[in-house]
Protein chains: 2
Amino acid sequence: MLTNRQLLVLKVIVDDFIETAQPVGSRNIAKKESISFSPATIRNEMADLEDLGYLEKTHSSSGRIPSEKGYRYYVDHIMSPLKLSKQEINQIQQSFSDRMIELERVMQNSAHILSELTRYTTLVLGPQVYETKLKQLQIVPLNNQSAIAILITDKGHVEHRSFAIPEELDQSDLEKTVNILNEKLSGVPIVYLDRFIETEVKYLLKKYTNDFHKSYQLLNQALFTEQPTNLYVSGKTNILSQPEFADVDKIRSLFDIMESEEQIAPVLKSEDEGLHIYIGQENKIEEMSNCTLITTTYSLGDNQVGTIALLGPTRMDYAKAVSILDLWSGQMSQTLQKWFTEQ
Amino acid sequence: MLTNRQLLVLKVIVDDFIETAQPVGSRNIAKKESISFSPATIRNEMADLEDLGYLEKTHSSSGRIPSEKGYRYYVDHIMSPLKLSKQEINQIQQSFSDRMIELERVMQNSAHILSELTRYTTLVLGPQVYETKLKQLQIVPLNNQSAIAILITDKGHVEHRSFAIPEELDQSDLEKTVNILNEKLSGVPIVYLDRFIETEVKYLLKKYTNDFHKSYQLLNQALFTEQPTNLYVSGKTNILSQPEFADVDKIRSLFDIMESEEQIAPVLKSEDEGLHIYIGQENKIEEMSNCTLITTTYSLGDNQVGTIALLGPTRMDYAKAVSILDLWSGQMSQTLQKWFTEQ
DNA sequence: GTTAGCACTCAATTGTTTCGAGTGCTAATT
DNA sequence: AATTAGCACTCGAAACAATTGAGTGCTAAC
């Protein structure tokens with residue numbers, strides 16, 4: 001257990017290093033208002049903190065920098081949430097106040113604003129639309145081999161996928177299946193699609209089509225191919241202005257990661273509810289091992305529906321990042337709630 | 001006018017510098033097989049070429065590097081197209097041989113393969129679908145204020161846009177307009193949409209709706225808002241492995257450009273038919289001033305429908321890049337032709 | 001016209017020195 | 001017993017000099 005003074009010293013060092021990116025020396029610490037003891041005392045404390053693993057030296061006679069364990073302790077026990085400025089709060093709130101026609105646009109916009117405010121990279125995983133209803137389903141055959149399925153939800157989300165029409169499905173069956181789907185599936189909440197198809201649609205297909213199996217296959221191709229990810233990223237280049245990324249190789253590997261949804265999306269998807277901080281090596285992706293990822297989820301009612309994250313150097317302004325994410329996720333959840341109950 | 005020997009020297013220097021990224025000295029040139037005269041002679045020629053502006057020195061006793069004018073001359077008068085390897089040709093051809101359900105996927109795939117082959121950044125501006133027909137138009141009202149328009153072309157391209165429904169448009173007019181549009185516009189070639197609306201649709205709207213103006217406004221909102229750009233970019237990080245981009249600031253500004261479609265798309269859109277090479281300062285975008293952009297167009301029949309481009313350092317492998325672009329654009333045009341006439 | 005020869009240039013590398021911010025330890029002070 | 005002053009020591013960073021070598025331009029010989 002750390003003494004109060006050790007706590008104070010650790011806090012000052014982390015705060016200073018977050019600001020300046022330079023190792024912090026005892027003399028500089030002693031100059032701070034909050035510090036009332038001499039450099040020598042601080043040196044002793046620092047030596048202890050280093051022994052305990054909270055601090056590191058870059059070389060034998062340098063000042064100290066926080067270790068990952070130090071950041072972890074800071075985040076868990078020391079840091080207090082930052083009070084955001086009115087302006088910052090306003091900006092975040094405004095990203096919700098625009099007339100939201102499409103959820104997509106809100107997401108993109110939010111990502112943009114958060115990356116501007118924090119100067120870190122923002123990743124938003126769009127909502128899993130549990131409660132949205134299928135406003136309309138359209139299957140449009142393009143020719144004999146292929147067709148396009150278009151799903152429109154009542155919240156303005158449009159999704160389309162092309163797929164191959166099963167061979168040997170005859171023309172009349174195709175038409176019938178398409179008609180049945182188009183007619184029957186409108187207005188069905190997405191989560192119930194499975195069940196609804198089981199109970200209502202299957203029976204119709206059996207009744208009206210010649211080759212039930214082929215028709216059913218068509219249906220599955222149209223509705224249940226690939227789960228689309230909806231990841232919005234903004235401020236990718238922000239991370240370039242951080243001094244820890246002066247090295248082109250690091251930049252390259254990090255960018256390659258950020259470019260590929262397939263690698264990032266699963267990480268965000270697997271998040272538990274609430275706010276999580278992954279410091280350095282704690283990240284599951286190796287290329288992020290000198291970054292910190294802060295994630296938080298947002299929800300609709302009791303359902304967690306999406307994730308938002310900030311990616312920056314381990315020397316991140318944790319207090320600010322956390323405050324901003326908290327504010328956003330609260331606002332987002334609230335807005336979703338309002339939006340989904342209003343009409 | 002350059003002598004043959006000057007031509008040869010210039011060619012050797014450009015080729016060597018493209019390969020090594022190092023200033024080329026007279027001794028090294030003399031060692032090449034194609035060179036049968038001494039370093040001293042070469043030095044004289046190089047001095048002349050420098051006076052003429054085709055070569056530069058990085059400092060007073062360094063070897064020479066090509067100037068932008070030198071590259072320009074090389075590209076215009078010296079370079080001969082590179083014969084591609086069978087493997088390279090195969091890879092490009094294969095990107096067309098997959099069963100093309102969606103044009104989008106072909107584009108994305110092509111961009112990927114070209115960036116792999118060249119190690120430069122590939123930019124593809126998708127086809128302006130002159131000849132495609134509207135397979136289906138759907139306007140789906142979400143609520144009283146907003147609706148979504150979905151356009152599906154017969155080539156599987158899906159486009160959607162949300163828009164606000166004009167206020168005070170009464171319910172019955174809305175329904176009627178939507179019905180008329182949905183019914184009448186299917187199968188109409190995109191280029192004729194304007195005309196078709198003038199001749200066929202306007203008259204129907206006038207006849208069946210109460211407030212023609214509002215309905216007509218609705219139609220315009222649905223069909224003619226923002227022209228969506230369809231830009232596919234691949235291999236953005238390739239450029240990071242070029243030694244000329246060791247500097248983080250340059251990287252940053254270039255990446256910021258590449259992130260924003262709004263800045264890139266117009267450049268590609270404005271291209272004249274055929275192959276164009278923009279070396280360094282010739283680029284319209286300042287941040288690209290130490291890059292070369294090679295663009296070429298592809299076409300359907302006589303109509304130029306899209307553009308593809310490679311972005312790399314000025315020290316680019318011009319011969320290879322040009323050969324690859326030529327091959328691709330030929331294949332693409334051919335494929336489009338086949339595809340649009342076959343059914 | 002070509003080339004050998006030579007003095008000259010300059011970036012890059014290496015080694016040396018100096019500087020200063022910082023440490024750890026010990027002894028004096030509170 | 002805790003704190004602090006004092007001091008020797010460490011080490012990176014910056015400044016400077018010396019060395020090296022790849023390259024040039026020029027002149028004179030071939």
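Just so we're on the same page: letters track the sequence lines, and every chain starts at 1. All of these numbers come straight from a predicted model, not from anything done at the bench.
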Between atom [atom1] in [X] and atom [atom2] in [N], what is the gap in whole Å?
X: B:Ile35; N: C:dT3; atom1: CD1; atom2: P; value: 11 Å
X: B:Arg5; N: C:dG1; atom1: CZ; atom2: P; value: 10 Å
X: A:Phe37; N: D:dA2; atom1: CZ; atom2: C1'; value: 13 Å

Checklist entry - Under 4.0 Å between a Lys/Arg side-chain N and an Asp/Glu carboxylate O for B:Glu244 and B:Lys250? => result no

Checklist entry - In residues 21-30 of chain A, which residues come under 4.0 Å of DNA chain C by heavy atom? => result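 The stretch gives A:Gly25, A:Ser26, A:Asn28 as the residues lying under 4.0 Å from the strand, ordered by number.
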
Checklist entry - Which residues, if any, of residues 46-61 of chain A bring a heavy atom under 4.0 Å of DNA chain C? => result A:Met46, A:Lys57, A:Ser61

Next on the checklist: So for atom NZ, which belongs to A:Lys83, do other residues, nucleotides or ligands contribute more than 12 heavy atoms lying within a distance under 6.0 Å?
Outcome noted: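 At most 12 heavy atoms, drawn from other residues, nucleotides or ligands, come within 6.0 Å of this atom.
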
Next on the checklist: Around atom CD of B:Glu19, are there more than 12 heavy atoms from other residues, nucleotides or ligands closer than 6.0 Å?
Outcome noted: no

Checklist entry - What's the verdict on side chain to side chain contact (heavy atoms under 4.5 Å, CB included) for B:Ile78 and B:Val14, showing C-alpha distance, side-chain angles and the deciding distance? => result CA-CA 10 Å; B:Ile78 302 181; B:Val14 174; over 6 Å; no

Next on the checklist: Less than 4.5 Å apart, side chain to side chain, heavy atoms only: is that true for A:Gln263 and A:Glu287?
Outcome noted: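 No; the side chains remain at least 4.5 Å from each other.
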
Give me the atom names and distance for the closest heavy-atom approach of [X] to [Y].
X: B:Gly53; Y: B:Ser67; result: O-OG, 2.6 Å
X: A:Lys32; Y: A:Asp16; result: NZ-OD2, 2.6 Å
X: A:Ser241; Y: B:Arg252; result: OG-NH1, 2.8 Å
X: B:Gln6; Y: B:Leu49; result: O-CD1, 3.8 Å
X: B:Gly312; Y: B:Tyr120; result: CA-CD2, 3.8 Å
X: B:Gln108; Y: B:Val233; result: NE2-O, 4.0 Å

Give me, pair by pair, the N or O atoms of the protein and of nucleotides 5-7 of chain C that are less than 3.5 Å apart, along with how far apart they are.
{"unit_1": "C:dG5", "atom_1": "O6", "unit_2": "B:Arg43", "atom_2": "NH2", "d": "3.2"}

Item to check | N/O (side chain, B:Arg64) to phosphate O (OP1/OP2, D:dG23) under 4.0 Å | outcome: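 No, because none of the side-chain N or O atoms of B:Arg64 sits under 4.0 Å from OP1 or OP2 of D:dG23.
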
Item to check | Sole candidate of B:Glu56, B:Glu50, B:Glu45 that passes salt bridge (charged side-chain N to carboxylate O under 4.0 Å, His left out) when paired with B:Arg64 | outcome: B:Glu50

Checklist entry - When you look at B:Thr295 and B:Glu271, which way does the side chain to side chain donor-acceptor pair (under 3.5 Å) test go after all the steps? => result CA-CA 8 Å; B:Thr295 71; B:Glu271 285 312 315; 3.3 Å; yes

Checklist entry - Taking five pairs at each end, how big is the angle between the two axes of the helix from C:dG1-D:dC30 to C:dT30-D:dA1, to 10°? => result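 Here the local axes at opposite ends form an angle of 20°.
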
Under 3.5 Å between N/O atoms: give me all the protein pairs with nucleotides 26-30 of chain C, atom names plus distance.
none

Item to check | Qualifying ring-ring contact (aromatic ring centres under 6.0 Å, His included) pairs, either residue in residues 56-90 of chain A, two or more places apart | outcome: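 Non-adjacent pairs meeting ring-ring contact (aromatic ring centres under 6.0 Å, His included): A:Tyr54-A:Tyr73, A:Tyr71-A:Tyr318, A:Tyr73-A:His77.
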
Item to check | Gap between atom CG of B:Asn4 and atom CG of B:Leu8 - 0.5 Å precision | outcome: 8.5 Å

